[in-house]
Amino acid sequence: MTSFLLFLIIGYVVAFFYTLNASIKNSRRLDAVEKELTALKAQIATGTVTVAEAVPATTLSKEGDAEAEAPVPQADAKPEAKETELPIAAQAAAREPAPEDDATQTLVLPVFSREKESFESRLGARWAVWAGGLALALGGIFLVKYSIESGLLSPAVRLAMAAIFGLLLMAAGEAIRRKAVPGIEAAYANAMIPGILTAAGSLTLFGVVYAAYGIYDYIGPTTAFVILAVVALATLALSLLHGQALAGLGLFGSMITPALISTETPNIWALFVFLTISWLATALAGRSQRWHIVPALANIGLGLWALGYMTFTDIIKAEPVIAGLMAMIAGSIWIWPGKYSTHANELSVYGPRSGGYFPVVAKLMGRPPIVLNLTLAMAIVLPAVWFSVIETALTMHPAFPMAVLILGLAAYGAGRNHAVWPAIFAALAALGCANLMAQIGLDFLPALGGGGVTALAATPVDNGIQASVIRVMGILFLLFGAEAVRRRSANDPSFGALWAAIASTVPLGLGIISFVEYGNLGRDWLHAAYGLSIGLVLLGSAYRLSLKRDDAFEWPINIMTIGSFLAFTFLVHTLTSGLATTILIPVIGFGYVLATRQSRWAALPWTMAIACIFVLGRIAWEPTIVGPQNLGTTPVFNALLPGYGIPALLAVASAWLLRDWPGLRVKNFLQAVASLMALLAVAILVRHAMNGGVLTETVPTLGEQSIYTLLTIGMSGVLMTLDLKSPSPVFRYGSMLAGIVAMFNVLVAHFIGLNPYFTGENTGPWPVINLLLIGYLLPALAYGGLAWYARGKRPQLYVTLLALCGAALGFAWATLSVRRFWQGENIADWKGFLQGETYSYSVVWLAIGVLLLVLGSRFDAKSLRLASAALVFLAVAKAFLIDMSNLEGVLRALSFIGLGVVLIGIGLFYQKILTARPKPQEAQG
């Protein structure tokens, strides 16, 4: 039996070298054809070669030399074929500008494309082959089964006969392949009889070797592993002659071989070395033959083996796993270059061989298919994630293999323009794995003895290693991105933009994870240096790219500029907190605005916009800026003044400096946000002064609700401004929605829920600057201004509602201020009404009505005149319904006298206005 196995190995070695030699010769022929086509295209384009000279020149000799005398087979000599025009080099040459020579003609060469296959063809030429191959395999199995049941032959003889049968099938396949009709391979690529026979023979040999090992124990696990590996690799080699399906069979045999062999002392290094060799052989075959399905399956197979090993072993030896997966990355870099395509056009050229002609296919080159990059990325990312979360003991800190795999994938993504998905997967995996490792943590690492892993030690894991690995990953991602942008943006701007985004976000995200999980949140100089390094590298890279003055670098420059600002913002957070952080963020943004005086990068103003958004976010998170316990009680001069005021002033200054900036959106946004921040600063200072120097988180008071109302009104104006400058449905309807929300707040909160007349809330000690000012007068003025600003820009109904809401708030302020004058700081309803107070209401309402009438006449505002009429009517109703019964003596008389004087004055006023106006017929005349 040993001699037979030796014979089998020698046979496969010979077959392997024969196949390798045939593949090399075919590769040389392909190269010669491609060179000849290139030269032919150039000659036709210059007019030095005519059609009569060009057509014979496309034949190829056995050695690869062009022979002008060799005949080209005619279209009618090809079965199931018809003649079409060549859609590649010849037509490309014909489309190029031709010389002004009348003798120059368009080259049209014959190629052959299959017609729609008939049912007879499928039944006789395809299904018969598939069924025949299956029948041969089953026949061999039944023959062995019969011999076993009958006891006719010994196991050794049965195995030998089965092996000979497999070799004969493969030999028959090779013999039929050599005598195949030219063109039959292209017509029946997935039903070639030589390939079917070779596959059947390969399966037979797989079964023989496994039976010799697993059933009869003739050979040991090492010998069985070696022979199965030889069979699998030989099958891969033969696939160069018989097609991709046979390569898939060889790959399957390679991947299943380690699972078939069991041993008590597995050699993990040998396992992954063999898997890597199998992957490499598959990839080389796929690259040579322009395959992509089998190489993609090879990626999946190696990745699944890594995951399976890490899942089912007690102690993970990380080194062989890393070596195998990194070899796959390195092989992908060198085996699959940037120019490759599985969708290339084909040119069939025929050359003489053994009395016939064989087809040689030349393909145009392009990018590799996406399935290769996707499967490679998944095969790397999933083991990296597994290293981050698995609780099995490892021979090294899990941060190291995780980082090595992700960085290897990132290097591949940065080195190839087509490797977009590996770059994206590497970026996401870096952030995800770092976060998972920080959140899950580790309890122990294996203790290493002299011969390897001997025991598990429950020693705490040094988190400093994880933090250092995460930061190193961030720096390397930054360098990968900077180099990829510098070298490849000119040819592929989208690729440069992608890596600019990765270089700007991934290092920063990793730094944030490291700082939050492992750093000193008070003040951390190490993470500050990390953030400073990222910012300087990104800003320096953007500046270097700007010196090239190439439009292809526009997006990378802007993205890196934004990334540098974010890095400097991270730097501020690592060293400061509270008030200092809130001030320094817009200071950095203002520095970028000043840089617009020297550079016209479009992203520079947007940094200030982002800074304002950060400030508003910090205010929303902590309105007191420094915390309630640290906020001073002195009105105006406290932490709120610099915390709100300085960012607002910087925003206003930025908007003014950018008044001539060509970018309308950022200019308008800064103008709007500057107005909002200024309004917010004033409102918060007023509220602080009105509440005894305290901003609490209790149930909202009227003052706090007033701030929300003012903010909503301001947002409505901001969105309206943006819509006028840069029209957008979002801005248009958003501005009206904000106004409606503010009106709802007024109706529910200001008039009912938080009205100090119902709640009894103290209005404050000051006569004018009190709760009523911020609760009613300021919102009234804001509504009036918004209504005036919206005239002619928004629907009339919306403008009228704004004006009425403002008038109602002003009326409420005047009425409640009268009550406060008579009742003091507390104006609750249980106090009742004084006679002087009741009379004062009439006076104030009539005064407001007269004022509105004058303003309505002066500005020809009908809404103001109608509001005046409503107030006067209200005063009249009050006089007859309330004053007549509640007032006594001189106050009752004065109430009616004043009312009469005002009404007569209003009537006289209207008479003069209506008389002075020209009548319609006079105006027409």
Side-chain angles (χ1 to χ4, degrees), residues 333 338 367 407 409-424 426-427 430-431 472-511 529-571 588-611 654 657-658 661-663 665-667:
I333 293 176
R367 292 189 173 189
L407 291 173
L409 186 63
Y412 174 63
R416 291 287 183 265
N417 287 57
H418 60 77
V420 173
W421 286 109
I424 295 175
L431 297 173
V472 170
M473 286 176 61
I475 295 297
L476 290 177
F477 263 96
L478 176 65
L479 297 178
F480 288 164
E483 187 66 12
V485 171
R486 184 185 67 85
R487 298 183 59 183
R488 300 187 178 274
S489 292
N491 296 328
D492 192 346
S494 61
F495 181 83
L498 171 65
W499 268 102
I502 292 176
S504 300
T505 55
V506 174
L508 181 61
L510 293 175
Y530 177 86
L532 179 63
S533 302
I534 294 175
L536 292 177
V537 170
L538 289 174
L539 198 58
S541 299
Y543 176 74
R544 288 182 58 188
L545 294 176
S546 67
L547 298 179
K548 298 184 178 182
R549 303 184 183 280
D550 190 342
D551 292 339
F553 295 106
E554 180 180 359
W555 273 102
I557 289 173
N558 292 327
I559 294 173
M560 287 184 166
T561 301
I562 298 294
S564 66
F565 168 76
L566 297 177
F568 293 141
T569 302
F570 171 72
L571 165 65
I588 296 174
F590 187 71
Y592 279 80
V593 171
L594 294 177
T596 58
R597 299 300 183 187
Q598 301 296 327
S599 177
R600 308 301 289 178
W601 300 350
L604 290 175
W606 283 107
T607 57
M608 188 61 194
I610 297 174
S654 299
L657 290 174
L658 295 170
W661 186 258
R665 290 187 180 273
V666 65
K667 181 170 62 176

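Considering all non-hydrogen atoms of both residues, Ala542 and Thr561 come closest at CB-OG1, 4.1 Å. Closest heavy-atom contact between Ile562 and Ala603: CD1-O, 3.7 Å. Among all heavy-atom pairs drawn from Ile610 and Phe565, the shortest one is CG2-CE2, 3.8 Å. Closest of all the heavy-atom pairs between Ala500 and Met560 is CB-CG, 4.2 Å. Here the closest non-hydrogen pair linking Ser489 and Ala552 is O-CB, 3.6 Å. Heavy atoms only, all atoms of each residue included: Gly481 and Ala503 are closest at CA-CB, 3.9 Å.
Legend: residues meeting side-chain hydrogen bond (donor to acceptor under 3.5 Å, both in side chains) with Tyr530, ordered by chain and number and at least two apart, are absent. Annotation: side-chain hydrogen bond (donor to acceptor under 3.5 Å, both in side chains) contacts of Trp601 (sequence neighbours excluded): Ser599.
Between the CG atom of Leu498 and the CD1 atom of Ile424 there is a distance of 5.5 Å, given to the nearest 0.5 Å. With rounding to the nearest 0.5 angstrom, the CG atom of Leu566 is 6.0 Å from the CG atom of Leu508. Distance check: Leu407 CG to Phe480 CZ gives 5.5 Å after rounding to the nearest 0.5 Å. Leu478 contributes atom CG, which lies 12.0 Å from atom CD1 of Ile502 (distance to the nearest 0.5 angstrom).
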Go through Ile534 and Phe568 one step at a time and tell me if the side-chain contact (heavy atoms from CB on, under 4.5 Å) criterion holds. CA-CA 8 Å; Ile534 294 175; Phe568 293 141; over 6 Å; no
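Side-chain contact between Val537 and Ile475: absent, with no pair of heavy atoms (C-beta onward) separated by less than 4.5 Å. A heavy-atom distance below 4.5 Å is found between the side chains of Pro605 and Thr596. Within the 4.5 Å cutoff, side-chain heavy atoms of Leu545 are placed close to those of Pro556. At least one side-chain heavy atom of Ser504 sits less than 4.5 Å from a side-chain heavy atom of Leu538. A 4.5 Å side-chain heavy-atom check between Val593 and Leu604 finds every atom pair outside the cut-off. Residues Arg597 and Leu657 form a side-chain contact, since some pair of their non-hydrogen atoms from C-beta on lies under 4.5 Å apart.
Under a 3.5 Å cut-off, the side chain of Arg488 and the backbone N or O of Gly415 do form a donor-acceptor pair. When atom types are taken as modelled, the side chain of Trp499 and the backbone of Arg486 share no donor-acceptor pair closer than 3.5 angstrom.
Sorted pairs that involve residues 533-560 and meet side chain to side chain donor-acceptor pair (under 3.5 Å), not counting sequence neighbours, are lacking altogether.
Within a 6.0 Å sphere centred on CH2 of Trp421, other residues, nucleotides and ligands contribute 12 heavy atoms or fewer.
Inspection of the Ser564 and Tyr592 side chains reveals an N or O donor paired with an N or O acceptor under 3.5 Å.
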